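In this text the structure is predicted, and so the values were computed from the model without any measurement. Every chain is numbered from 1 and lettered A, B, ... according to where its sequence line falls, protein lines coming before strand lines.
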There are 4 protein chains.
Amino acid sequence: MDELQQNQALADLIQTFYHQGKAPATSTNYSWRNPAGEIIISRSGVDKSQFSPQDWMKVDLKGLPLPEFAHCKPSAETLIHCFLYAEFPDTKCILHSHSVAATVLSGLYLNQGAIAFADYEVIKGIRGHNTHDCTVKLPIVPNSQDMGELCDRLHPESLKNFGFLIARHGLYAWGDTIAEAKRHLEVWEFLLECEIALLKIQAK
Amino acid sequence: MDELQQNQALADLIQTFYHQGKAPATSTNYSWRNPAGEIIISRSGVDKSQFSPQDWMKVDLKGLPLPEFAHCKPSAETLIHCFLYAEFPDTKCILHSHSVAATVLSGLYLNQGAIAFADYEVIKGIRGHNTHDCTVKLPIVPNSQDMGELCDRLHPESLKNFGFLIARHGLYAWGDTIAEAKRHLEVWEFLLECEIALLKIQAK
Amino acid sequence: MDELQQNQALADLIQTFYHQGKAPATSTNYSWRNPAGEIIISRSGVDKSQFSPQDWMKVDLKGLPLPEFAHCKPSAETLIHCFLYAEFPDTKCILHSHSVAATVLSGLYLNQGAIAFADYEVIKGIRGHNTHDCTVKLPIVPNSQDMGELCDRLHPESLKNFGFLIARHGLYAWGDTIAEAKRHLEVWEFLLECEIALLKIQAK
Amino acid sequence: MDELQQNQALADLIQTFYHQGKAPATSTNYSWRNPAGEIIISRSGVDKSQFSPQDWMKVDLKGLPLPEFAHCKPSAETLIHCFLYAEFPDTKCILHSHSVAATVLSGLYLNQGAIAFADYEVIKGIRGHNTHDCTVKLPIVPNSQDMGELCDRLHPESLKNFGFLIARHGLYAWGDTIAEAKRHLEVWEFLLECEIALLKIQAK
């Protein structure tokens, strides 16, 4: 796929996320890196039910708009993307979701700093895992409107499973391809759905 | 967009609301104001899964059909729309939803007069809010079939966050553009979904 | 709409019901009456995700296939449709749904013989109701594979609100037009969704 | 339908399963047998939201790729399919789902070895059942990454109702036609949805 096709495919995926209830009220942001290493990121304030290829813009590694996009406003969370690309240089795509499960559980478990998931087959969807027979942790950091402060709370050693939560805000997930980033996002969202079901049953 | 396109776009949105479970059984009503200041409102009794541009009509500021629509019946809640346009003159669109979460929670919290939401990132979707670090209240009024009585229960100072609930009836949300009204509706519906999830978990 | 168009429109609605989770595993059945008074009913065993106009057949008032459909098998519940058309002669359409809420609640409340709903705005969607300020009852009968026995359990005076439940089986709803039958089905399904939400919250 | 049409129809069904939340994060696998007796099975690692006819491959009765597919990797669970085709020679299609309900309940009930369902009308969707008035059991086996070990845990006499669960992994269902396999999968998924609703209500 060339860049235009990639922009279209990822825009379609964002609309799918909206219809899955993962991107309400213009929330969420998304980016990918083209072969030239440029960061292509969603503009601020776009209704994700109508996200189109025109809603992408390019920023540099510090999150500043490239000259041809100087008139555009990048997502408020652009620096989180820059932080992740800097820490994990092979990363090619970063996705964000704002589901009810991610919002509610990130608030409930904030004091514990993470949610642990054990023995789920779907864990094999996380790169590097080839068995269900293990425990994986999804870290949670407090929310902040200061992205520098928020990124300081992200400890790279806790991020080896390609995802984290911001309290009452949502999930970030990433990967070395767009497909892998999507797969990681779906693993974590599915595990969060299972956890919230168990809590409703009071089986935990 | 011209008026015909706007009528089509908003009709499409209403069908989307139906498929999201927010407009069952011909419930709900919607309006917007064109540049001439006319109120374009949904007719009464239309199945929202099939809402089409032909299902709009025009009323004056008192809710009476304009002459060319004298044969049409406006929504039973037309006077709520007129009240809001009168109180908040910059308002250009008013949306209504009738979801399970809005219906159930508006009944449960009626005695408290409002539902409070704190520390949610999605609060930033409400105009005038640029941080999650606050509490917003969604007021609730008792239901009535007398629209004058119902509007008397609406205190403008409680409506500054562009939404309110009618008990066991649903949510109204509005904005200075159609996009803003949709965003406000999605903020409140999302917060209601989070609240009902917390109650099911018994975390509140 | 002529008969072919009506058959197509109702087939489309059935597919929508499938995607709403109301018609799993070839369950459910549907009928309408054309101006000649013939009963046009769904054939037995059709996957509702693919229900097409070819999946209708005609039966007489006793549920026997008309000659041109002698080779077709009508739905196992055909006699329920015949019973309702006989009891309520103005009825033009009968719909059935098999949702999780209808299945679970019809089992839970079977011993009480009905589920009562009070003060819901959506009650106005039932013909003859113009206020939320009332209580409506949805009767429940035990399930049976003997349709004569099952119909004997249906007391016409309890059916004045155009709906009833069969325990752990689902909902029937009807009306004097297809649109009214759909509206009645959506009223009852929405009320069942509210009830199950309240039970999960333990607010009842 | 010829083989190409069958491959297309089943690919479309897999995409529907994805959108029903039954196939997240490249999980799940599917197969059918053509009239020549060849097993046509889904390749490993495909995103089910985009499953296309090119994502099928052929394996022999031991699960080894046929020569023209020597370069392809079959699903990790291929041997489960081979086991079922060997035990139940009339089987023509095997489906798998990975829903929240199947994942959560297979973990909760693992120690009991099965989940029992009684008196549900939808039981009639399982071949050989013509009344709701009975109890059916859905067996559960512990998960394993060793397919030989996993199949050893499957006792054919417990599989007479065309389905079983693997703990925290999901559901397998099958039938003598693709339509029957789909119907069986939908019966079990619907029963699991009812069970999880009852547990949330604490009615069990």
Side-chain angles (χ1 to χ4, degrees), chain A residues 1 9-10 12-17 19-22 95 97 99-101 117-127 129-136 161-163 173 175 177-204, chain D residues 15 18-29 44-51 75-77 80 96-111 141-147 149-150 165-172 192-193 195-204:
Chain A
M1 279 207 251
L10 198 45
D12 292 346
L13 177 60
I14 290 170
Q15 291 201 16
T16 297
F17 285 163
H19 290 292
Q20 292 174 338
K22 294 177 181 154
L95 305 175
S97 61
S99 65
V100 169
F117 301 97
D119 300 332
Y120 285 99
E121 176 71 11
V122 83
I123 291 171
K124 287 169 59 187
I126 304 173
R127 195 193 341 147
H129 290 270
N130 54 23
T131 177
H132 65 286
D133 189 8
C134 64
T135 298
V136 290
N161 284 323
F162 312 99
T177 62
I178 292 179
E180 190 182 70
K182 174 178 188 279
R183 197 182 73 227
H184 287 156
L185 183 134
E186 291 185 357
V187 167
W188 290 120
E189 283 284 345
F190 184 80
L191 289 170
L192 291 166
E193 287 289 338
C194 290
E195 182 72 12
I196 208 164
L198 285 168
L199 291 173
K200 288 177 183 172
I201 290 172
Q202 305 192 34
K204 292 204 68 158
Chain D
Q15 291 201 16
Y18 171 84
H19 289 291
Q20 293 174 339
K22 294 177 182 155
T26 78
S27 69
T28 67
N29 40 80
S44 181
V46 179
D47 181 338
K48 299 311 182 291
S49 71
Q50 308 178 0
F51 196 92
S75 161
E77 280 95 349
I80 297 178
H96 179 26
S97 61
H98 200 120
S99 66
V100 169
T103 301
V104 164
L105 294 178
S106 60
L108 279 181
Y109 285 92
L110 174 60
N111 288 339
V141 295
N143 198 8
S144 173
Q145 300 306 321
D146 177 335
M147 291 305 125
E149 185 179 66
L150 202 154
L165 291 169
I166 304 174
R168 293 186 193 87
H169 180 153
L171 170 74
Y172 278 88
L192 291 166
E193 288 288 340
E195 183 72 12
I196 208 164
L198 285 167
L199 292 173
K200 288 177 182 172
I201 291 172
Q202 304 193 36
K204 293 204 65 159

(request) Name the region of D:Ser49, side chain, backbone, both or neither, that has any atom closer than 4.5 Å to a heavy atom of chain A. (result) side chain

(request) Please flag which part of D:Leu108 lies under 4.5 Å from any non-hydrogen atom of chain A: side chain, backbone, both or neither. (result)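 Interface part for D:Leu108: side chain.
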
Nearest 0.5 angstrom please: [X] [atom1] to [Y] [atom2], how far?
X	Y	atom1	atom2	value
D:Asp146	A:Thr131	CG	OG1	11.0 Å
D:Ile201	A:Ile201	CD1	CD1	11.5 Å
D:Gln202	A:Gln202	CD	CD	4.5 Å

(message) Is any side-chain heavy atom of D:His98 closer than 4.5 Å to one of A:Glu121?
(response) yes

(request) Let me know if A:Ala9 has heavy atoms under 4.5 Å from chain D in its side chain, its backbone, both or neither. (result)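 Neither part, no heavy atoms under 4.5 Å.
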
(request) Select one option (side chain, backbone, both, neither) describing which atoms of A:Gln20 are under 4.5 Å from chain D's heavy atoms. (result)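 Just its side chain gets close to chain D.
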
(request) Look at D:Val100, D:Leu198, D:Asp47 and state which one has the largest set of heavy-atom pairs under 4.5 Å with chain A. (result) D:Val100

(message) Looking at every heavy atom in both A:Phe190 and D:Pro24, which two are closest together, and how far apart are they?
(response)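 So the two residues come closest at CD1-CG, 3.5 Å.
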
(request) Search all heavy atoms of A:Asn130 against all heavy atoms of D:Gln145 and return the closest pair with its distance. (result) O-CG, 3.8 Å

(request) Among the options A:Asp133, A:Thr16, A:Asp119, A:Ile126, pick out the one with the most heavy-atom pairs lying under 4.5 Å from chain D. (result) A:Asp119

(message) Can you tell me which residue among A:Lys124, A:Glu186, A:Arg183 is in a side chain to side chain contact (heavy atoms under 4.5 Å, CB included) with D:Thr26?
(response)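 It is A:Arg183, the one option of A:Lys124, A:Glu186, A:Arg183 that forms the side chain to side chain contact (heavy atoms under 4.5 Å, CB included) with D:Thr26.
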
